[in-house]
Amino acid sequence: MNLDGSAVLHADPDRVWAIITDPAVLARTIPGCESLEQTGDDEYKMNVTVGVGAIRGTYAGEVKLSDQVRPSSYVMHASGAGGPGNVRATVTINLEANGDGTSLTYSADAVVGGPVAGVGQRMISGVAKRMAGQFFQAIDDELTGVVVPIEAAPSAVAAGEAAPAAAAPRVFAGKAVAAAPAVGGDVRTLLLGAGVGALLTLVGVAVGWRLGRNR
Amino acid sequence: MTTKLFGEPVRRREDARLIIGKGRYLDDIGSGALAAAFVRSPHAHARILDIDVEGALDVEGLVAIYTYEDLHGPMAEPLPVLIPHPQLTAPRTGYPLANGIVNHVGEPIVMVVATDRYIAEDICDRIAVTYEELPVVVGVDAAREATHWVHEDIPDNVGAIHHQETGDVEAALAASQHTLSFTQYIERSACIPMEGKGVHARWDADDASLRVYTSTQASTSVRAAIAAKLELSLDKVEVIAPDVGGGFGVKIVHPWPEELLVPLAAIALRREVKWTEDRREHFISSAHERQQRQEITVGYDDDGRLTALDVHVWHDHGAYTPYGIIVPINTATQLLGPYDIPVYRARINSVYTNTVIVTPYRGAGRPQGCYAMERTMDRIADALDLDRAVVRERNLIQVDQFPYDWGLTFQDGRPLIYDSGDYPGLLAKLKTLTDWDGFEARRAEAASRGKLLGIGMAPYVEGTGPGPYEGGHVQVLGSGKVLVSTGLTSQGQGHETVFAQIVASELGVPIEDVEVHTGDTRRFAYAVGTFASRAAVMSGNAVALAAQGVREKALRIAADVLEASPDDLEIDEGLIQVKGVPGTSIPLRTVAVLSNPLRYAFDEAAKQATQFAKAGSDDKPPVADGDAPGLEHTDYYSPIRSTFASGAHAAEVEIDPATWEIDVVKYSVVHDCGTVVNPMIVEGQVHGGVAQGVGGALYERMAYDSDGQLQNASFMDFLMPYASEVPDILIDHQETRSPLNPLGIKGAGEAGVIPGTAAIASAIEDAVGRRISSMPISPTELYDLVRNPEAERTATSRRRSGTGAMA
C-alpha cells in the first residue's frame with residue numbers, strides 16, 4: 001500500500017534537516033516513542049506505544065537510512081514485527097524551501113502482514129497520516145520554540161556531537177516511557193490495533209529520520 | 001391407510017416454533033460477533049472523490065474499515081451477471097464496494113466493522129465521503145429519452161432488447177377488423193419481507209474453513225459464489241439459510257455485496273462478523289420491481305376475438321442487471337395468459353436508471369404482463385360493448401388444445417408449452433363464485449347508498465417449477481426417525497410440513513417421525529433455490545422419489561426377513577407387514593438397523609445387526625454388490641420444462657365519491673395448481689399473494705424524486721395493506737394435474753399476486769367510468785382523474801350515462 005503526505009514546517013530546509021535528525025528531538029517528538037537506540041551506522045531500534053481509538057499497543061521496530069542528499073532528500077527503510085502483525089516500509093522524504101519555511105513531502109510504500117493487515121487500508125493510512133501529522137506538529141513546535149526542549153536524562157549526545165559508528169548503543173528516552181494501559185474493549189481488538197498503530201507511527205515518523213552521521 | 005397425509009390440510013409443523021419466538025433467524029445467530037455496517041451513497045449518481053476516515057479513528061470499538069482498495073482478485077471485479085442471455089447485450093453489475101462511481105442511492109461504499117452495531121453506525125456517520133454529483137436518470141421515461149446516461153458507455157440506457165414473436169404481427173394487425181393502441185404504466189414496488197437480509201460469517205483459521213449463515217433463497221449458489229469470489233475451495237465453505245422471515249424474490253439475488261464482504265472481514269480479522277440489514281437499507285440497497293411503460297397494439301374481430309397482439313414494453317431494471325432479463329422474459333411470455341392469440345410479438349427494452357436494482361418480486365414480471373393483457377381485454381369489451389367476461393371466454397384456449405405450444409421460449413430457456421389446464425372451467429367457476437351476472441343489482445344497491453361499485457376480473461397463467469433440478473435425501477434412522485433433506489431453502493412457506501406430508505405418505509410412516517431440513521449445504525450440497533413457485537414441484541417430487549427409493553430398499557430387506565415377496569408387503573404407521581397376514585411384520589426402524597451390517601453393538605437395537613446375531617448366507621457378502629449400508633436414498637427431479645398453473649381473480653371495489661377512498665369489498669379467487677399437497681397451505685399462499693396484489697394496486701410504490709432519492713424509505717411512508725385493507729377472500733379450487741411430474745404438482749407460491757393490479761384497475765374503471773392507465777392508484781390520483789375534463793371516459797360509462805352510475 002502507498003501512503004503519501006506532506007507538511008509545512010516553519011524553518012528553512014537546513015534547520016529542518018538538523019532538527020529532524022536530532023535523536024533527542026526525535027525521541028520526544030515521535031508519538032508514543034518509549035526509546036530510541038542507535039545500533040549502527042544509520043541503523044536504529046525503537047519502541048513505540050501508540051494508540052488511536054481501538055488501535056493502540058506497543059511495537060518494536062528497526063530503521064535504516066539511505067540515499068541521503070542533505071538537505072533535500074533521503075530514503076528510510078523501516079521494518080518491524082509484533083505479535084499481531086508485521087510491516088516493512090520504504091519511505092522517501094523530500095524537503096523543499098518554501099518561502100521562509102520548508103515543504104516536506106513523503107511517500108511510503110508499505111507492506112503490512114498478519115492479522116493487523118485485515119483492518120482495511122483506509123484505516124491504516126488514516127492512522128498513519130494522523131501519526132505523521134502529530135509528529136510534524138511536534139517538530140514544528142520545536143522549530144518555532146513553542147516547546148522548550150527538556151534535556152532527556154540519558155542523552156549524552158550534545159548538539160553537534162558526531163555519533164561514532166559502532167559505538168556502544170545509545171538510548172534516547174521518549175515521553176511515553178510509561179505505556180498507557182489498554183483501555184476497556186476486548187483484548188484481541190486492541191492487539192490487532194496495536195500493530196497497526198505502531199507500524200503507522202513507524203511509517204509516519206520515518207519521515208523525520210536522519211540521525212547522526214551527517215551532522 | 002392412517003398415514004395417508006398427501007392432500008390433507010395438515011397444520012403447519014413449523015408454526016409453533018416460529019410463533020413463540022423459538023425460530024432461529026439470522027440476527028439470533030452470533031451474539032458475540034463483531035458488527036458490520038455500511039456507508040452507502042447518498043447520491044443517485046456520483047463520482048467518489050475522496051473517502052476520509054480521520055474523523056472515525058477515535059471511536060472506541062472501531063475494528064476495521066474497508067473500501068474498494070481492500071478488495072483483490074475476483075473480489076475487485078464486478079459482481080456476477082447471474083443469468084446471462086444473448087439479448088442482454090450490455091450487462092452491468094456493481095462492485096462489492098463502489099469502485100469510483102455510485103449509480104444509485106444506497107450503493108455500498110465503505111464497510112465498517114466494530115464491536116457492536118451502534119458503534120459501527122456511529123463510525124459510518126464520521127466517515128466523510130466527497131462526491132462529484134453526476135446527472136441522474138430516474139424512471140422509465142427518463143431512461144427512454146436518454147438525455148442522460150446511467151453508464152457512460154451505454155448512451156441509450158438500453159441493457160437488453162428482448163424480442164420474441166410467433167408470426168408477422170404487422171401483417172396480422174393490418175388485416176384485423178379492428179385495432180386499438182394505447183400506452184399504460186405500472187409503478188415500482190418491492191418484496192418487503194419482514195426480515196431483511198443478513199449475513200453471519202465465522203472463519204475457522206485452524207481448519208481454514210468458513211461457515212456462513214445468510215438469509216437467502218439460494219444457499220448452494222451463495223456457497224459457490226463465496227468460494228469463487230474469496231478464492232476458497234468449495235469444500236471449505238458451508239452456507240446455511242436459517243429460519244428466513246420471508247423472501248418473496250429479493251433473497252434469490254446473490255451474492256449480495258454483504259454476502260461476500262462479511263465473510264471477507266471474518267477471514268481478515270479471524271473473528272465472527274455479522275451484518276443485519278435495517279429497514280432503510282432494505283429499501284435503498286436491496287431490490288425493487290414492477291415499473292414498466294407498456295405500448296400495446298391489438299387487433300380483433302367483431303366478436304372480440306384477438307387476431308394479433310403487439311407489445312412494446314420499456315422495463316426499468318435499475319442501475320445494474322445481476323439477474324439478467326428474467327423479469328422482462330416473464331412479462332413477454334406470461335402476458336399471454338389463458339388466451340389463444342394467433343400472432344404475437346413482444347419487444348422489451350430493458351433500461352438502466354439510477355435507482356435500486358430490479359430483480360424478481362413475487363410474480364416477477366407476470367403481474368405487469370397480466371395487467372397488459374387484461375386491460376387490453378377490457379378495452380376490447382368496452383369498444384365492442386360486450387361483457388368483459390364474454391370477451392375473455394371467446395379467447396380462451398380450450399381444454400382439447402393442450403399441450404399448447406406457443407412457439408416461444410420461456411424463462412427457463414425451454415419451449416413455452418402449456419402442459420395442462422381448464423381455462424373455461426376456471427372462468428365458469430369464477431363467475432359463479434363472485435356472482436358476476438348478479439353484479440348490476442349490487443351496483444344499484446351501492447348507488448342507493450351513494451357509493452360507486454365496480455367489478456373486474458383477471459385470469460392468468462403462471463409458468464412454475466422451472467428446472468434445472470432439485471434433489472432430496474431421505475434416511476430412516478435406527479430410532480425410527482426419518483430425516484428428509486433438500487438443498488432448496490425455506491422462507492416460511494411450510495416446507496417442513498409439506499415435504500413431511502409427501503415423505504410420510506410415500507413411506508407409510510407417522511408424520512411425527514419425519515424431520516425436514518432445507519437450505520443447508522452441509523446436509524445437501526446440490527440445489528438451485530426457491531423462486532418461480534418451484535419448491536413443491538421440484539423438491540416435492542425429489543423427496544417423493546427419494547422416499548420411494550427408501551421404501552423399495554426397506555421392502556427388499558423386510559422381504560428377506562419375513563420370507564415374503566416384496567410385492568406382498570405394505571408399510572403403514574412405520575410397520576412393514578405382509579398384506580392380509582396380521583402379526584407378520586417388522587418395524588421400519590428395525591429394517592433400518594438391519595440395513596447396516598455391524599461388527600459392534602452400541603445399543604440394544606444394534607445387536608440385531610451384528611455378525612453373530614443372525615445367520616447370513618456364507619456365499620454372499622454382508623453388503624451385496626451394488627448395494628450400500630443404511631436405509632437411505634438420494635434422488636433428483638429434473639423437469640423437461642416448466643409446468644403452467646392458472647387461475648382467475650375477480651375484485652369488487654366500492655368507492656366513496658366524497659373521499660375517493662377505494663375499498664375492496666369482495667375478492668374471489670379460483671386457482672388451479674395441479675395436485676394439492678396441503679390445501680390449507682395453498683390457501684395461505686393465495687391469501688398472502690392477494691394481500692400483496694392489493695398493496696401493489698392501491699398502496700405500494702417507490703416514491704423516487706427526480707434526484708433519485710427514495711422519499712418513502714420507511715414503514716412510516718411506504719404504505720402496505722394492513723389486515724384492515726385486505727378483503728375477505730373467497731376461494732374455489734380446480735385441480736388439473738401436471739403431466740410433467742410424478743406428483744402432478746404445479747406451483748402455487750406467486751399466483752395470488754399476479755392478477756391483483758389488473759382486476760382492481762378494471763373494477764375501479766368500471767366504478768368511475770374513467771380509463772385507468774396507470775397503477776397503482778391512490779384516492780388522490782383517482783380524485784384528480786375524475787375531476788380532469790381531459791381524462792378519457794370509457795364507452796361503457798358514456799353508454800351508462802343517465803343511469804346515475806357516474807355523474
Interatomic distance, CD1@A:I124 vs CD1@B:I65, rounded to 0.5 Å, equals 10.5 Å
Is the shortest side-chain heavy-atom distance between A:M123 and B:L62 below 4.5 Å?
yes
Chain A contact residues among residues 43-53 of chain B, heavy-atom distance under 4.5 Å
B:D50, B:I51, B:V53
Within the supplied structure, the quantity of interest is the number of heavy atoms (other residues, nucleotides, ligands) at a distance under 6.0 Å from B:R126 CZ; does it exceed 12?
no
Within residues 198-214 of chain B, which positions have a heavy-atom distance to chain A below 4.5 Å?
none
Looking at B:E77, I'd like to know if its CD atom is crowded, meaning that more than 12 non-hydrogen atoms belonging to other residues, nucleotides or ligands lie closer than 6.0 Å.
yes
Please say whether more than 12 non-hydrogen atoms of neighbouring residues, nucleotides or ligands are located less than 6.0 Å from NZ in A:K64.
no
Within 6.0 Å of CD in B:E152, more than 12 heavy atoms from elsewhere:
no
Is the backbone of B:E69 close enough, under 3.5 Å, to the side chain of A:Q121 for a donor and an acceptor to pair up by distance?
yes
Test salt bridge (charged side-chain N to carboxylate O under 4.0 Å, His left out) on B:E54 and A:K129 and set out the steps.
CA-CA 9 Å; B:E54 168 66 23; A:K129 284 188 175 170; over 6 Å; no
Smallest heavy-atom separation, B:L57 atom then A:V127 atom, equals CD1-N, 3.6 Å
Where the side chain of B:Y66 meets the backbone of A:G118, is there a donor-acceptor pair that is under 3.5 Å apart?
yes
